[in-house]
Amino acid sequence: MKISLARALGTCFGVQDAIDAALDPSFRDNLTIVGQLVHNPQVVEELRENGVRLVDSIDDEITTPNVMITAHGAARSVKEGLEARGFTVYDASCPLVMKVHNRVAALVEQGFFPVVVGQRNHVEVRGIVGDLKEYEVLGDPSEVERLAGRDRVGIVCQTTQQVEHARAIVDAIHARFPEIEVQFVDTVCRPTKDRQEAVRELADRVDLMIVVGGHNSSNTKKLKKVCDDRGLAAFHVERPEQLEESWFAGKSHVGITAGTSTPHGVIDAIYQRIRAISDGLEVGSRPVGGP
Ligand code: SF4
């Protein structure tokens, strides 16, 4: 059985920079991260093992002097609130997320009603809209009715969306409200687009895709959706132990892709496990991640 990796997969620079900063020995013992730094269970475990504390929200008790804002970003009011409480705030917001914040601010400045295409409760989206007086978050073309009565809307996307999905929402607005002036800014980040393009290329060549990443990772789920939309058999796993031998029966070419928060060590372990299954070895007879 042939195994191929997508030409772009796994951890992006924004996530890697944030992980490296959190694990910096000079302050990791005195650091609390608010929210998941990345949507990946192995990375979260590594942080905990290194003494980094994690809390879900700024309302939770924080006992360290240093607080980190994650790569997903946060509203300015959240950062200022933490500083006002005496914490030293380390801002690991990805520059491509901050670009979305800036684009939204510019649209509002130009008089557009701000709209974000994304998941309403995702931490990145909450950060984007957190300082806005009014806004709308749209997750699906069926939701455009919420824009009734608006005359100018400025639209950005959560960085990990599929740009085609955002364009479908823009088209739905044009169709339902032809009178609304629409300004669309494509803010899907380049690493996300690279992974989406790479999985499409690979999907044309394989008969099974293994998608690796946290089950709560937005962009990992989008990679699986690319496969689902094509009718390609695909499974989303977080860990090598979750791979089932029966999935590979009769398959001749398996592809592997991974979301932007999936460490390359996890991808290697998945590859080795599939190789072992392919070689007919008993599962578990080879150390995970081994040669
Ligand atoms: S997915 Fe994109 S926006 Fe998010 S951290 Fe990675 S590079 Fe930055």
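For ligands, and for the atoms within them, numbers begin at 1 and follow the listed sequence. Because the structure is predicted, anything quoted here is derived from the model rather than measured.
- Annotation for ligand 1: atoms under 4.0 Å from non-hydrogen atoms of Val97 are 3 (S).
- Contact annotation: Cys12 places no N, O or S atom under 2.8 Å from atom 8 (Fe) of ligand 1.
- Ranking the protein heavy atoms by distance from atom 8 (Fe) of ligand 1 puts Cys94 SG, 2.3 Å first.
- The closest donor-acceptor contact from the side chain of His174 to the backbone of Glu181 lies at 3.5 Å or more, if one exists at all.
- For Asn30 and Thr64, the side-chain atoms include no donor-acceptor pair closer than 3.5 Å.
- Residue Phe13 has at least one heavy-atom neighbour below 4.0 Å for each of these atoms of ligand 1: 7 (S).
- Among Lys222, Glu164, Gln161, the single residue meeting the side chain to side chain contact (heavy atoms under 4.5 Å, CB included) criterion with Val188 is Gln161.
- Looking at atom 1 (S) of ligand 1, its nearest protein heavy atom turns out to be Thr260 OG1, 3.5 Å.
- Salt-bridge annotation for Arg190 and Asp194: present, with a side-chain N of the basic residue lying under 4.0 Å from a carboxylate O of the acidic one.
- Taking a cut-off of under 4.0 Å to the non-hydrogen atoms of Thr159, the atoms of ligand 1 that pass are 3 (S), 4 (Fe).
- With atom 7 (S) of ligand 1 as the reference point, the heavy atom nearest to it among Pro191, Ala92, Gly259 is part of Pro191.
- With a cut-off of 2.8 Å, atom 6 (Fe) of ligand 1 has no N, O or S atom of Cys189 in range.
- Between Met209 and Val206, the shortest heavy-atom distance links the atoms CE-CG2, 4.1 Å.
- With contacts defined as side-chain heavy-atom distances shorter than 4.5 Å, the pair Leu82/Ile69 qualifies.
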